[in-house]
Amino acid sequence: MAAEEQKRAEVRLVVLGAAGVGKTALIQRFLKDTFEAKHRRTVEELHRQECEVGGVTVTINIMDTSGSYSFPAMRKLSIQNSDAFALVYAINDPQSLEAVKSLRREILEVKEDKFTPIVVIGNKIDCHSERQVSSQDVLSTVERDWNHSFVESSAKDDINVLEAFSELLQQANLPGRLSLALVRRPEKHKHRRIGTAKSCAVS
């Protein structure tokens with residue numbers, strides 16, 4: 001039984017942020033390497049994927065949450081039961097960064113642990129001409145003041161999506177060697193279609 005347990009690993013991640021910042025797009029890019037330009041309102045969806053890494057079965061559970069914050073009880077339960085958190089804002093939406101600050105406070109209150117694994121993701125860097133949030137300012141706050149990791153990404157152009165989730169997996173309950181192996185996505189070009197949408201609405 002002990003040997004069986006040693007061959008399995010499971011991690012639960014939650015992706016939080018304001019509506020329209022690209023939470024679902026990031027998850028879809030990571031898990032399926034696809035991109036949908038059309039925004040679809042999410043209430044709460046659990047994505048589950050099993051991977052075989054070096055003889056170990058790894059189960060990744062990713063909770064995609066509502067950006068409208070209409071379900072505080074559901075959100076609190078998700079926070080209580082999760083190992084690591086991605087807080088997503090859009091670089092062209094300063095208000096979405098304020099939402100990240102509020103969500104971080106809530107996570108720390110619910111978990112009662114200031115060392116809770118959190119990665120802050122500044123999404124939509126493909127919309128660079130519309131940037132309203134300085135990466136340097138956020139980097140300083142997140143890494144120096146909050147002591148969390150910070151990544152800027154684009155789900156549309158597949159920039160730093162793997163890096164962001166790799167960081168989450170390393171901070172959660174997976175051994176580092178597993179998280180690094182997971183994000184190589186060796187089948188990317190063989191079995192997965194890369195999205196070609198032009199819009200940056202939910203990238």
Side-chain angles (χ1 to χ4, degrees), residues 8-54 56-68 74-75 78 81-91 96 117-127 149 151-203:
R8 299 189 65 87
E10 186 161 355
V11 64
R12 187 179 178 94
L13 314 175
V14 175
V15 181
L16 295 155
V21 297
K23 300 183 297 297
T24 301
L26 286 167
I27 294 170
Q28 292 299 321
R29 176 63 81 181
F30 173 63
L31 293 179
K32 300 179 181 179
D33 202 11
T34 59
F35 174 77
E36 267 185 52
K38 186 177 180 181
H39 178 256
R40 179 173 56 86
R41 186 172 180 267
T42 302
V43 176
E44 189 170 273
E45 293 180 7
L46 179 64
H47 302 266
R48 185 181 179 91
Q49 182 160 311
E50 286 195 348
C51 305
E52 193 76 22
V53 183
V56 179
T57 300
V58 180
T59 302
I60 305 174
N61 300 290
I62 304 178
M63 180 62 72
D64 188 4
T65 61
S66 168
S68 63
M74 291 170 65
R75 191 170 67 253
S78 293
N81 295 331
S82 298
D83 302 306
F85 303 86
L87 297 183
V88 184
Y89 71 92
I91 68 159
S96 67
I118 293 174
V119 176
V120 176
I121 304 173
N123 195 35
K124 301 194 180 184
I125 58 172
D126 50 280
C127 300
S149 295
V151 179
E152 284 199 335
S153 68
S154 167
K156 173 178 175 285
D157 291 344
D158 195 11
I159 300 172
N160 288 340
V161 177
L162 294 182
E163 288 78 1
F165 280 94
S166 174
E167 184 64 31
L168 271 173
L169 291 167
Q170 288 186 63
Q171 291 194 29
N173 289 338
L174 286 181
R177 63 182 181 83
L178 290 182
S179 58
L180 289 173
L182 274 172
V183 299
R184 286 179 186 148
R185 257 192 341 205
E187 302 159 349
K188 175 176 178 179
H189 299 294
K190 291 183 181 177
H191 307 293
R192 291 172 175 168
R193 178 177 56 83
I194 298 175
T196 56
K198 301 297 182 185
S199 169
C200 66
V202 294
S203 60

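Across Y89 and S96, no two heavy atoms sit closer than the pair CB-OG, 3.4 Å. Among all heavy-atom pairs drawn from A86 and L168, the shortest one is CB-CD1, 3.6 Å. Pairing each heavy atom of F165 with each of I62, the nearest pair is CE2-CD1, 3.9 Å. Shortest non-hydrogen contact noted between F30 and L169 is CZ-CD1, 4.5 Å. For V11 against A172, the heavy-atom pair with the smallest separation is CG2-CB, 3.2 Å. Of all heavy-atom pairs between F35 and R29, the closest is CB-NH2, 3.5 Å.
Residues E10 and N61 have side chains that bring a donor and an acceptor to within less than 3.5 angstrom of each other.
Residues meeting the side-chain contact (heavy atoms from CB on, under 4.5 Å) test with A164, sequence neighbours left out: I121, V151. Qualifying salt bridge (charged side-chain N to carboxylate O under 4.0 Å, His left out) partners for E167, counting only residues two or more places apart in sequence or in other chains: none. The side-chain hydrogen bond (donor to acceptor under 3.5 Å, both in side chains) check on N81 picks up nothing, with sequence neighbours excluded. Residues satisfying the side-chain contact (heavy atoms from CB on, under 4.5 Å) criterion with S82, sequence neighbours excluded, are R12, V14, F85.
Within the 3.5 Å criterion, the main-chain N or O of G22 finds no donor-acceptor partner in the side chain of K124.
When T65, D64, V15 are each tested for a side-chain contact (heavy atoms from CB on, under 4.5 Å) with T24, only one passes: D64. Partner of S154 under the side-chain contact (heavy atoms from CB on, under 4.5 Å) criterion, chosen from D126, V161, L26, I91: D126.
Taking OG1 of T34 as the reference point, atom CD1 of I27 lies at 11.5 Å (rounded to 0.5 Å). For the atom pair Q171 CD and D83 CG, the distance stands at 11.5 Å (nearest 0.5 Å). Distance CD1/I60 to NE2/H47: 12.5 Å, rounded to 0.5 Å. The NZ atom of K156 sits 7.5 Å away from atom SG of C127, with the distance rounded to the nearest 0.5 Å. Note that NZ of K32 and CD of Q49 are 9.0 Å apart. Values are rounded to the nearest 0.5 Å.
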